[in-house]
Amino acid sequence: MHPVLRELVTTSAQKLFEHYDLPVEVEETHGSRALHHYAGVLGFTGEGIKGTIVVSANGQAVAATFPDGGSQQDREDWVGELCNQLLGRVANKVLAYGISVRMSTPVSFSGTELNLQDQSKDSSSASWSLRGPGEAELSVHLTAEVEPHVTWESTESAEEAPEEGDLMLF
Amino acid sequence: MSKKILVVDDSNTIRQQVGMCLSGAGYTVVEASDGAEGLAAIKSTPDLAMVICDVNMPNMNGIEMLEAVQADGSFSSPPVIMLTTEGQPALISRAKKAGAKGWIVKPFKPDLLLAAAKKLTAKAA
């Protein structure tokens, strides 16, 4: 996976959880692809790029970012939404490299002893562990198949997305 | 009587968060979980003061909903603001052309959402 994309995922995850007052230490992991109890997945496609992203979170991370509690279904839905917001943030940043990505709607689920296939030898996949205060933990798993013509060079003519949270009135 | 705002999003938790923010400020909130439900709600609820709408949703997305409202012409649409993870200028431009009055990239800041609601519902009875 190209270093630019790895860096975008790392910084996007940090910024996203900062918004929810959950400062996280983000570390790329190799080998283990274990998921926490709650998980969400999205697919994406664009000119020269396609892939999936999986975000998983334990109960403490869900409670820290969605403090109103809610049902099991709400907690699953919320992790799907976090997955959506993380991919959205990355998608808006890759616009600067001339890459426009279309995203699916999230699918979320929960379970125990969930593991993704070990793809540590696959250069199109990468995983990150996110640790917050207390016992809050999340993981991010990205698979992005990128065609050779994608150069990851930013261009002055590239489009820019508005900043997350900003209000634009027309 | 409090002003009524329709929140259209396929995420129940987002509808809850937006709803709590708005109801805490005195608005009445009604919900729809996709663009098709949102379109039906707009048609059947003439006293809506505003709509807050996601883009990527099943069945009918938020921009398609806006375009359907615009194409119908048999009823007047309340102001619509898009609340989405999407930030592509082409999508923003399409929404604006279809009549959207604003755009917020998620995650939202409650104070800015309320500022938009106050401004856009000012003309509502």
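Order of the sequence lines sets the chain letters (A, B, ...), proteins ahead of strands, with each chain counted from 1. In this text, all values refer to a predicted model and were calculated from it rather than measured experimentally.
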Next on the checklist: Let me check something: do A:Leu95 and A:Ile99 share a hydrophobic cluster, defined by ILVMFWY side-chain heavy atoms less than 4.5 Å apart, either directly or through other members?
Outcome noted: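 Per the 4.5 Å side-chain linkage, A:Leu95 and A:Ile99 are not co-clustered.
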Item to check | A:Met103 reachable from A:Leu82 in the ILVMFWY side-chain graph, under 4.5 Å edges | outcome: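 Yes, same cluster.
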Next on the checklist: Can you confirm whether the side chains of B:Asn56 and A:Thr105 place a donor and an acceptor under 3.5 Å from each other?
Outcome noted: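 Distance-only check fails for B:Asn56 and A:Thr105.
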Checklist entry - Among side-chain atoms of B:Ser11 and A:Asp77, is any donor-acceptor pair under 3.5 angstrom? => result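 Per modelled atom types, B:Ser11 and A:Asp77 side chains form a pair under 3.5 Å.
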State, with a plain yes or no, whether a side-chain heavy atom of [X] is found less than 4.5 Å away from one of [Y].
{"X": "A:Arg89", "Y": "B:Thr85", "answer": "no"}
{"X": "B:Ile14", "Y": "A:Gln85", "answer": "yes"}
{"X": "B:Gln17", "Y": "A:Phe66", "answer": "yes"}
{"X": "A:Leu167", "Y": "B:Ile81", "answer": "yes"}
{"X": "A:Glu160", "Y": "B:Pro89", "answer": "no"}

Checklist entry - B:Met20 versus chain A, heavy atoms under 4.5 Å apart: side chain, backbone, both or neither? => result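 Side chain only.
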Item to check | Residue selection (most heavy-atom pairs with chain B, distance under 4.5 Å) from A:Leu87, A:Leu16, A:Asn92, A:Val101 | outcome: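 Ranked by heavy-atom pairs under 4.5 Å with chain B, first place is A:Asn92.
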Checklist entry - Between atom CG of B:Asp9 and atom CD of A:Glu81, what is the distance when rounded to the nearest 0.5 Å? => result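 Reported to 0.5 Å precision, the distance equals 6.0 Å.
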Would the number of heavy atoms belonging to other residues, nucleotides or ligands and lying under 6.0 Å from [atom1] of [X] be above 12?
{"X": "A:Glu47", "atom1": "CD", "answer": "no"}
{"X": "A:Arg131", "atom1": "CZ", "answer": "no"}
{"X": "A:Glu25", "atom1": "CD", "answer": "no"}

Residue part contacting chain B, namely of [X], when any heavy atom lies under 4.5 Å:
{"X": "A:Gln73", "value": "neither"}
{"X": "A:Leu169", "value": "both"}
{"X": "A:Glu164", "value": "both"}

Item to check | Close contacts, residues 96-106 of chain B versus chain A, judged by heavy atoms under 4.5 Å | outcome: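 Within residues 96-106 of chain B, the residues that come under 4.5 Å of chain A (heavy atoms only) are B:Lys96, B:Ala100, B:Lys101, B:Gly102, B:Trp103, B:Ile104, B:Val105, B:Lys106.
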Next on the checklist: Sub-4.5 Å heavy-atom contacts with chain A: which residues of residues 31-44 of chain B show up?
Outcome noted: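 None at all.
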Next on the checklist: Which heavy atom of B:Gly87 sits nearest to which heavy atom of A:Pro162, and what is that distance?
Outcome noted: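 That closest heavy-atom pairing would be O-CD, 3.4 Å.
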